[in-house]
Structure formats: structure tokens, C-alpha cells
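Single-structure report; data block below.
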Amino acid sequence: MRNISILSEELQKIANEELGEVPTRIAEDLATLRLWLEHQPHIKYRDDDQFLLQFLRGSKYSMEKAKTKLDLYYSLKSRYPEMLNLCDVDDVKFREVCNLGTFQTLPKPVNDIGPRIIVGRFCYPTNKYTIEDIFQAGCGLHEMLLVQDPYACICGIVYIVDFKEATASHFLQMTPNFCMKLVSFFEKAMPLRIKSVYYINTSEAAQQFFKILFPFFSQKLRERIHVMGDDLTEMIKDLSPESLPQDYGGNLKSLRELTLDFNKNWDSFREFFKENLNYGTDETLRPGKPLDIDGLFGVGGSFRKLNVD
């Protein structure tokens with residue numbers, strides 16, 4: 001195998017037990033997946049062992065699920081590049097969004113050997129940035145995790161979504177079409193397991209929004225969502241202060257400091273993201289019927305009738 005990082009003994013044990021990984025069979029499994037890709041004329045894909053391996057791990061080694069995820073992953077990135085296909089980390093607007101700290105990974109996984117934590121915040125001016133601008137940074141961050149973060153790849157992701165700064169204008173950007181893109185990509189295409197989601201500092205308006213958003217989620221994901229106000233006791237207990245930033249009663253640096261520190265990660269992945277220009281799907285070459293992405297959920301319109309304060 002060409003470029004596969006060796007896992008620690010603890011992580012390899014988790015991969016074996018929870019994902020069904022058999023280390024001696026990885027080369028064979030990758031060869032099978034790559035052979036299928038070679039016969040898909042509509043997919044131009046990143047031919048890297050570590051990247052392809054994560055689609056097997058994220059599918060618990062179901063080859064058919066891995067194929068489906070890969071196809072949808074590239075199909076969505078091609079259909080919605082403004083949100084899902086980051087190519088230029090030096091774009092001025094992109095760096096402005098990154099420095100706002102709307103998405104941030106935390107440096108310590110849960111209990112030192114658990115899921116990676118990602119914080120999402122609505123700390124951006126809606127008169128300057130769209131929700132697609134914001135999630136382009138979020139999607140790019142997840143792409144980095146796919147190839148460099150063993151905790152995210154093996155143990156999954158915990159999301160903290162902070163609504164403290166969310167306003168009516170933020171909610172109005174979250175149209176059903178946006179929610180379809182969001183759920184399709186993060187739950188159905190991205191090969192990282194979502195272990196839990198904490199919605200914190202939720203207002204009455206946010207909880208009204210959830211009533212519309214939740215039907216897009218699978219039943220499994222809905223059962224992993226925790227909705228809470230500004231009492232973070234449950235979250236701190238679950239995730240431990242050692243894994244949380246100062247902003248949430250933890251011992252790590254503040255989110256602001258972590259956000260500024262993270263710029264060096266974008267710099268180091270500059271060429272990686274430029275390569276995204278070479279990958280994607282061409283529906284005119286797909287064998288059989290074209291994929292009806294817009295019809296995945298059969299939704300349209302917006303939330304403009306939502307009663308928010």
C-alpha cells in the first residue's frame with residue numbers, strides 16, 4: 001500500500017471492532033474499490049489510498065455503501081461547487097470567512113481517544129456572506145480530516161453548533177434547498193461518522209427552525225442530537241473540560257486563538273485543494289439514468305414564513 005498512515009494500537013483496535021477493519025485485507029479492498037472506479041466514466045476521482053480508504057472505513061467496509069458515498073460525494077461537489085468544492089485557500093473572501101471562526105476543529109479528541117470535536121457558530125454578517133460561503137470553509141475543513149485525522153476517521157465527529165449569535169437573517173438563509181445540500185453531503189456522502197450533535201444556546205426561534213430541519217435527518221441522527229439552552233453542564237460532562245475551549249468552560253485555548261492558529265493548516269493544504277479542480281462527475285457520461293440530485297428530498301422554497309424574533 002502506498003500512502004496509508006499507521007494507526008496507534010488503540011485506534012486500530014477501535015477500527016477492527018467498530019468498523020470491521022481487517023488490516024491484512026485493506027490492499028485487496030482498495031483494489032476492488034479502485035477497479036470499480038476505473039469503470040465509472042463519469043467520475044474523476046482522487047486516486048490516493050488514504051482518501052479512498054476512508055470511504056471504506058466510513059461505510060464499515062460495505063463495498064456497495066462505499067461506492068454510493070463516493071459517487072454522491074463527487075456528484076454533490078460538482079453540482080454545488082460554490083459550497084462543497086473548495087479550490088483556492090488564498091481567496092480573500094475565503095480567508096475572511098475562516099478568520100471569523102464559523103467552523104473550528106478542537107485540538108483534543110474526546111477523552112484523548114475518541115471523536116474529533118467541531119464547533120460551528122453563526123458569527124458572520126449576513127449582509128456580507130451567504131450560508132454557502134460559510135459552509136465552503138466547513139466542507140474544506142472536513143476534507144482535511146479525511147486524509148490527516150485518525151480520530152475523526154476512526155472514532156467519528158462530535159458537532160457543537162452554537163446559536164448564541166444567530167439572528168432571523170441567519171435562519172432565512174437556511175432554505176430547504178440549502179438543508180437538502182447540507183444533509184445530503186454530511187450524512188449521506190461524507191464518510192465520517194456523526195457520533196453526536198449538541199445544539200447550544202438555542203433560542204425559541206432556533207427551536208422553531210429545528211422543527212423544519214429535523215425531518216431531513218435520518219432517525220439514527222435525530223437520536224444523537226442534544227438541544228439545550230445556555231446550561232452546558234450536560235455537554236461539559238459528556239465531552240470533558242480537557243476537550244473543550246475556554247468559551248465553553250473547558251481548559252483549551254479560546255476559539256478565537258484556535259481560529260487564528262488554524263490558518264497554517266489551510267496553508268499546508270494549498271496544493272491539495274487546487275487539485276479539486278481536477279475531480280468531480282460528468283452526468284453526460286454516467287451509465288444509465290443521470291443522478292437526480294435536486295430530487296433527493298423533493299423540496300424547494302424557503303423558510304420565509306418562519307416566525308422568528
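Treat the numbers as computed from the prediction; the structure is a model and nothing was measured.
- A salt bridge links R286 with E283; the closest basic N to acidic carboxylate O contact falls under 4.0 Å.
- Here N85 contributes atom CG and L76 contributes atom CG; the two are 11.0 Å apart, rounded to the nearest 0.5 Å.
- Not a single ring-ring contact (aromatic ring centres under 6.0 Å, His included) links Y74 to another residue, sequence neighbours left out.
- Side-chain atoms of I118 and L145, non-hydrogen and from C-beta on, do get closer than 4.5 Å to each other.
- Between D231 and T233, the side chains place a donor N or O and an acceptor N or O closer than 3.5 Å (distance only, hydrogens not considered).
- To the nearest 0.5 Å, atom OH of residue Y73 and atom OG of residue S184 are 15.0 Å apart.
- Between Y80 and F185, the distance from one ring center to the other does not fall under 6.0 angstrom.
- We find that D261 and K264 are not joined by a salt bridge, their nearest charged nitrogen and carboxylate oxygen being 4.0 Å or further apart.
- Taking a 6.0 Å sphere around CD of E10, one finds it holds 12 or fewer heavy atoms contributed by other residues, nucleotides or ligands.
- Ionic pairing of K181 and E82 is present here: one or more N-O contacts between side-chain nitrogen and carboxylate oxygen are shorter than 4.0 angstrom.
- With values rounded to the nearest 0.5 angstrom, C87 atom SG is found 8.0 Å from Q136 atom CD.
- For the residue pair D133 / Y124, no side-chain donor-acceptor distance below 3.5 Å is found, with atom types taken as modelled.
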K67 and E64: salt bridge (charged side-chain N to carboxylate O under 4.0 Å, His left out), yes or no, with the steps?
-> CA-CA 5 Å; K67 294 174 184 177; E64 292 310 307; 3.1 Å; yes

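- Judged purely by distance below 3.5 Å, without hydrogens or angles, the side chains of E223 and Q219 pair a donor atom with an acceptor atom.
- Side-chain contact between I225 and F210 is absent, with no heavy-atom pair separated by less than 4.5 Å.
- Here the side chains of Y151 and I14 are not in contact, with every heavy-atom distance at 4.5 Å or above.
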Could you walk me through whether L182 and F216 pass the side-chain contact (heavy atoms from CB on, under 4.5 Å) check?
-> CA-CA 9 Å; L182 177 72; F216 287 91; over 6 Å; no

Between F103 and C98, is a side-chain contact (heavy atoms from CB on, under 4.5 Å) present by the stated rule, with each step listed?
-> CA-CA 7 Å; F103 276 95; C98 292; over 6 Å; no

Let me have the donor-acceptor pairs involving side chains of residues 157-165, under 3.5 Å, with sequence neighbours excluded, atom names and distances please.
from, atom 1, to, atom 2, distance (Å)
Y159, OH, H142, NE2, 2.7
D162, OD1, K164, N, 2.9
D162, OD1, N201, ND2, 2.9
D162, OD2, Y248, OH, 2.7

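- Two residues are said to be in side-chain contact when any heavy atoms from C-beta on lie closer than 4.5 Å; L255 and L106 meet this criterion.
- For D230, the CG atom is loosely surrounded, since the number of other residues' heavy atoms within 6.0 Å does not exceed 12.
- Looking at P115 and C155, their side chains come closer than 4.5 Å, going by heavy atoms from C-beta outward.
- Remark: D88 does not engage K93 in a salt bridge, criterion side-chain N to carboxylate O under 4.0 Å.
- If you check the side chains of Q40 and Y45, you find no donor sitting under 3.5 Å from an acceptor.
- Within the 4.5 Å cutoff, the side chain of E275 has heavy atoms near those of the R46 side chain.
- Checked by atom type, the side-chain pair T126/Q173 shows no donor-acceptor distance below 3.5 Å.
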Decide side-chain contact (heavy atoms from CB on, under 4.5 Å) for I200 and E234; before the verdict, give the C-alpha distance in whole Å, the side-chain angles of both, and the deciding distance to 0.1 Å.
-> CA-CA 11 Å; I200 66 172; E234 175 191 344; over 6 Å; no

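- Counting heavy atoms of neighbouring residues, nucleotides and ligands inside a 6.0 Å radius, atom NZ of K44 does not exceed 12 of them.
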Evaluate the criterion side-chain contact (heavy atoms from CB on, under 4.5 Å) for residue pair L244 and L252; output intermediate values, then yes/no.
-> CA-CA 6 Å; L244 294 171; L252 299 178; 5.7 Å; no

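- A 4.5 Å side-chain heavy-atom check between I236 and P241 finds at least one atom pair inside the cut-off.
- Among all heavy-atom pairs drawn from F171 and A166, the shortest one is CZ-CB, 4.2 Å.
- Heavy-atom minimum distance, S243 versus P109: OG-O, 3.1 Å.
- In this structure, E143 pairs ionically with K77, as a charged nitrogen and a carboxylate oxygen lie closer than 4.0 Å.
- The shortest heavy-atom contact between M63 and D29 is CE-O, 3.5 Å.
- Between L70 atom CG and S59 atom OG the span is 8.0 Å, to the nearest 0.5 Å.
- Annotation: I6, atom CD1; neighbour count of heavy atoms from other residues, nucleotides and ligands within 6.0 Å does not exceed 12.
- Here the side chains of H170 and I131 are not in contact, with every heavy-atom distance at 4.5 Å or above.
- A salt bridge links R57 to E21: at least one charged side-chain nitrogen sits closer than 4.0 Å to a carboxylate oxygen.
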